[in-house]
Amino acid sequence: MTKKNISADDSIAAILKAIDEVKGVDIQILDLREIENTVCDYFIICTGTSNTHVNAISGFVQKQVSKVIKEKPWHVEGEGNAEWILLDYVNIVVHIFQKHVREYYDIESLWGDAKITTIS
C-alpha cells in the first residue's frame, strides 16, 4: 500500500483552517522556497493570547491535520511552557507564539527575504 501524496497547499489549508477555528491571531505564511539552505518550504506563524490558548491551537492543529490529511508532526517542541510551540511537519513548520515571545524573537524579520502572506 502506498502513501497518498499530500500537496503543501492541502496541508497549509488544513493548518490555517484549524488555527482559524481556535481563534489564532496574526497569522502569516512565510514562503521560504526561494531562499537557499532552508530547513523547510514554509513557516506558518500565529499568536495565541495565553498558555492555554497556545496549547489549544497546537492541539487542534495536530488533531485536524491528522484527521483531514492523515499526517502527524514529525516533531513537536515547546508544549511544556506553551509560550512558543513548534509543530514540524517536515516541509511546513508551524510556530504558535504568545504575543510577547513573538515580538521578542521576531522571526518574520529574521527571514526577511521570504515572501510573507498575511491571513486576515
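Computed from a predicted structure; not experimentally measured.
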Side chain to side chain donor-acceptor pair (under 3.5 Å) filter on His100, not counting sequence neighbours, yields none
Residue pairs meeting side chain to side chain donor-acceptor pair (under 3.5 Å), one or both in residues 111-120, sequence neighbours left out, come to Gln28-Thr118
Would a single hydrophobic cluster contain both Val101 and Ile27, if residues Ile, Leu, Val, Met, Phe, Trp and Tyr are joined by side-chain heavy-atom contacts under 4.5 Å? no
Does the side chain of Asp26 come within less than 4.5 Å of Arg102's, by heavy atoms? yes
Is there any side chain to side chain donor-acceptor pair (under 3.5 Å) pair reaching into residues 81-96, and which pairs are they, with sequence neighbours excluded? Trp84-His95
Give the minimum heavy-atom separation between Pro73 and Val76, together with the two atoms involved. CG-CG2, 3.6 Å
Check Lys67 against Lys70 and note the closest heavy-atom contact, atom names and distance. O-NZ, 3.0 Å
Please report the shortest heavy-atom distance between Gly48 and Ile57, naming the atom on each side. CA-CD1, 3.9 Å
Taking side chain as C-beta onward, heavy atoms only, is Ser58 less than 4.5 Å from Glu79? yes
Hydrophobic cluster membership, with links at side-chain heavy-atom distances under 4.5 Å among I/L/V/M/F/W/Y: are Ile119 and Ile107 in one? no
Applying side chain to side chain contact (heavy atoms under 4.5 Å, CB included) to Ala82 and not counting sequence neighbours gives Asn51, Val54, Asn55, Ile85
Applying side chain to side chain contact (heavy atoms under 4.5 Å, CB included), name anything that partners Ser50, two or more places apart in sequence or on another chain. Thr52, His53
Honestly curious: do Ile116 and Leu32 fall in one hydrophobic cluster under the side-chain, below-4.5 Å linking rule? yes
Atom pair CD1 (Ile15) and CD (Glu71), whose distance is rounded to the nearest 0.5 Å: 9.5 Å
Indicate if Ile29 and Val93 have the same hydrophobic cluster label, given that clusters are the connected sets of ILVMFWY residues with side-chain heavy-atom separations under 4.5 angstrom. no
Give a yes or no on whether Ile96 and Leu86 share a hydrophobic cluster (residues Ile, Leu, Val, Met, Phe, Trp, Tyr; joining criterion: side-chain heavy atoms under 4.5 Å apart). no
At what distance, to the nearest 0.5 angstrom, does CH2 of Trp74 lie from CD1 of Ile92? 15.5 Å
For residues 38-46, which side-chain N or O atoms pair as donor and acceptor with protein atoms under 3.5 Å away, sequence neighbours left out?
{"unit_1": "Thr38", "atom_1": "OG1", "unit_2": "Cys40", "atom_2": "O", "d": "3.1"}
{"unit_1": "Tyr42", "atom_1": "OH", "unit_2": "Arg33", "atom_2": "NE", "d": "3.2"}
{"unit_1": "Tyr42", "atom_1": "OH", "unit_2": "Arg33", "atom_2": "NH1", "d": "3.0"}
{"unit_1": "Tyr42", "atom_1": "OH", "unit_2": "Arg33", "atom_2": "NH2", "d": "3.1"}

Is there side-chain contact between Leu87 and Gln62, with heavy atoms separated by less than 4.5 Å? yes
What are the two closest heavy atoms between Leu30 and Ala114, and how far apart are they? CB-CB, 4.1 Å
With a 4.5 Å heavy-atom cut-off, do Leu16 and Asp20 have their side chains touching? no
Counting N and O atoms only, with roles assigned by atom type, does the side chain of Ser109 sit under 3.5 Å from a partner on the main chain of Gly112, one being a donor and the other an acceptor? no
